[in-house]
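Note sheet for the following structure.
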Amino acid sequence: MEKLKEKIMKEGQVLSDDVLKVDTFLNHQLDPVLMSEIGKEFAKRFEGMGITKIVTIESSGIAPSVMAGLEMQVPVLFARKKKSLTLQDDLYTASVYSFTKQEKNQICIGRKFLNEQEKVLIIDDFLAKGQAALGLIELVKQSGAEIAGIGIVIEKEFQEGGEQLRKIGYRVESLARIKSLKDGMVTFKKEEEI
Ligand code: G4P
Ligand code: NA
Ligand code: NA
């Protein structure tokens, strides 16, 4: 998605060889015009698949998801993160390890919001090592719902998440695919390589 790549080039800050800061439009301050176009792009890429619900995770997955949900006219359900979780049987839960924060989090979704009738599109802001996506997949699987695909705003190709998810057989659509963040520079994967 050209506009997103331009925005990353203009405003993204390479913090290290593996972390890109995009808090001017995605992770802190939000750019609603860009988010709206991101929503339209997800809707286009997953058109005609019979998707009934979008599932994401708080907090940064919510903005792109709600714009996609508006475009696709489906509800958006966000998994919540909880550090300690007393056993509650009205929840689907999974545990997600964050490499960035080096901590394990429980994520959960209320059972009443997802069942085997649903066809789900999973959306998140970043795909790095894939732990968040795998956690969301686990929650959706518990509900018996079908997973139509995974939509990602920014994929870091040099980390293993995307490859892993595609290998399992999921359709992963990433709107910007970053090949490298080496030497303080953002290098995108060329379209012809995709
Ligand atoms: P993973 O889920 O792909 O395995 O990645 P990881 O555990 O490393 O990611 C933890 C958090 O960091 C996630 O957000 C993820 O979206 C984000 N993240 C991963 N790589 C980058 C990056 O290069 N830049 C930025 N800005 N974020 C990155 P989170 O902790 O769930 O936070 P939030 O959704 O509340 O923003
Ligand atoms: Na996220
Ligand atoms: Na994030």
**Item:** Approximate separation, where rounding is to 0.5 Å, of S95 OG and N105 CG
**Value:** 9.0 Å
**Message:** Less than 4.5 Å apart, side chain to side chain, heavy atoms only: is that true for V55 and L139?
**Reply:** no
**hydrophobic_cluster_shared for I62 and F42, side chain cutoff 4.5 Å** = no
**Message:** Does R171 have more than 12 heavy atoms from other residues, nucleotides or ligands lying within 6.0 Å of its CZ?
**Reply:** yes
**Request:** Kindly indicate, with the supporting measurements, whether the criterion side chain to side chain contact (heavy atoms under 4.5 Å, CB included) is fulfilled by V76 and S65.
**Result:** CA-CA 7 Å; V76 175; S65 296; 3.6 Å; yes
**Message:** I'd like to know if K10 pairs up with E6 as an ion pair, taking the criterion as any Lys NZ or Arg NE/NH1/NH2 lying under 4.0 Å from an Asp or Glu carboxylate oxygen.
**Reply:** no
**Request:** Is it possible for you to say whether I178 and M9 belong to one hydrophobic cluster, with membership spreading through side-chain heavy-atom contacts below 4.5 Å?
**Result:** yes
**Asked** Does a side chain donor of either N27 or S60 reach within less than 3.5 Å of an acceptor in the other side chain?
**Response** yes
**Message:** Does D90 have more than 12 heavy atoms from other residues, nucleotides or ligands lying within 6.0 Å of its CG?
**Reply:** yes
**Complete:** All heavy atoms of T56 vs all of L136, minimum pair found to be O-CD2, 3.6 Å
**Asked** For the residue pair Y170 and I137, what are the closest heavy atoms and their distance?
**Response** OH-CG2, 3.3 Å
**Message:** Determine whether a donor-acceptor pair (N or O, by modelled atom type, separation under 3.5 Å) exists between the side chain of E58 and the backbone of K81.
**Reply:** yes
**Message:** Are there over 12 heavy-atom neighbours, none belonging to Q102, within less than 6.0 Å of that residue's CD?
**Reply:** no
**Heavy-atom check, side chain of V172 versus side chain of S174, under 4.5 Å** = yes
**Asked** Which value, rounded to the nearest 0.5 Å, describes the distance between S143 atom OG and Q117 atom CD?
**Response** 10.5 Å
**Prompt:** In this structure, which one of L175, L165, D124, D125 forms a side-chain contact (heavy atoms from CB on, under 4.5 Å) with I152?
**Reply:** D124
**Asked** Are L30 and L34 grouped together when hydrophobic residues (ILVMFWY) are joined by side-chain heavy atoms under 4.5 angstrom apart?
**Response** no
**Message:** Determine whether V22 and H28 satisfy the following criterion, side chain to side chain contact (heavy atoms under 4.5 Å, CB included), listing intermediate values before the conclusion.
**Reply:** CA-CA 8 Å; V22 285; H28 193 21; over 6 Å; no
**Prompt:** Minimum heavy-atom separation for G184 to V14, with atom names?
**Reply:** O-CG2, 3.6 Å
**Request:** Step by step, work out the salt bridge (Lys or Arg N to Asp or Glu O under 4.0 Å) result for K44 and E47.
**Result:** CA-CA 5 Å; K44 196 170 90 186; E47 200 176 0; over 6 Å; no
**Prompt:** Yes or no on side chain to side chain contact (heavy atoms under 4.5 Å, CB included) for V140 and I122, after CA distance, side-chain angles and deciding distance?
**Reply:** CA-CA 9 Å; V140 176; I122 291 174; 4.3 Å; yes
**Request:** Hey, could you give me the CZ/CZ distance between F78 and F113, rounded to the nearest 0.5 Å?
**Result:** 9.5 Å
**Pair D23-Q29, side chain to side chain contact (heavy atoms under 4.5 Å, CB included): steps then yes or no** = CA-CA 6 Å; D23 62 352; Q29 175 173 265; over 6 Å; no
**Gap separating the CG atom of L181 from the NZ atom of K156, nearest 0.5 angstrom** = 7.0 Å
**Asked** Any chain of hydrophobic side-chain contacts (each under 4.5 Å) joining M72 to M49?
**Response** yes
**Message:** Less than 4.0 angstrom from a charged side-chain N to a carboxylate O is my criterion; do K119 and E146 meet it?
**Reply:** yes
**Message:** Show the nearest heavy-atom pair for residues L134 and Q164, with the distance to one decimal.
**Reply:** CD1-NE2, 3.7 Å
**Asked** Does D183 reach the main-chain N or O of M185 with its side chain, forming a donor-acceptor pair under 3.5 Å?
**Response** no
**Prompt:** Are any of the side-chain heavy atoms of I57 and I107 separated by less than 4.5 Å?
**Reply:** yes
**Message:** As a quick check of understanding, evaluate salt bridge (Lys or Arg N to Asp or Glu O under 4.0 Å) for K179 and E157, giving each step before the final call.
**Reply:** CA-CA 5 Å; K179 201 168 160 177; E157 292 247 328; over 6 Å; no
**Prompt:** How about C108 and K82: do any of their side-chain heavy atoms sit closer than 4.5 Å?
**Reply:** yes
**Item:** Rounded distance (nearest 0.5 Å) linking atom CD of E118 with atom NZ of K53
**Value:** 4.0 Å
**Message:** Using a 6.0 Å cut-off, check whether atom CD of E160 has over 12 heavy atoms from anything other than its own residue.
**Reply:** yes
**Prompt:** Can you tell me if Q142 uses its side chain to pair, donor with acceptor, with the backbone of T93 under 3.5 Å?
**Reply:** yes
**Message:** I need the E2 CD to F188 CZ distance, nearest 0.5 Å.
**Reply:** 8.5 Å
**Request:** Say whether, by atom type as modelled, one donor and one acceptor occur between the side chain of Y92 and the main chain of L114 under 3.5 angstrom.
**Result:** yes
**Request:** Examine V19 and F126 and state if one hydrophobic cluster contains both, with Ile, Leu, Val, Met, Phe, Trp and Tyr joined whenever side-chain heavy atoms are less than 4.5 Å apart.
**Result:** no
**Request:** Quick one: closest heavy-atom pair of E11 and F25, and the distance?
**Result:** OE1-CD2, 3.9 Å
**Asked** If you take all heavy atoms of G162 and E155, which pair is closest and at what distance?
**Response** CA-OE2, 3.5 Å
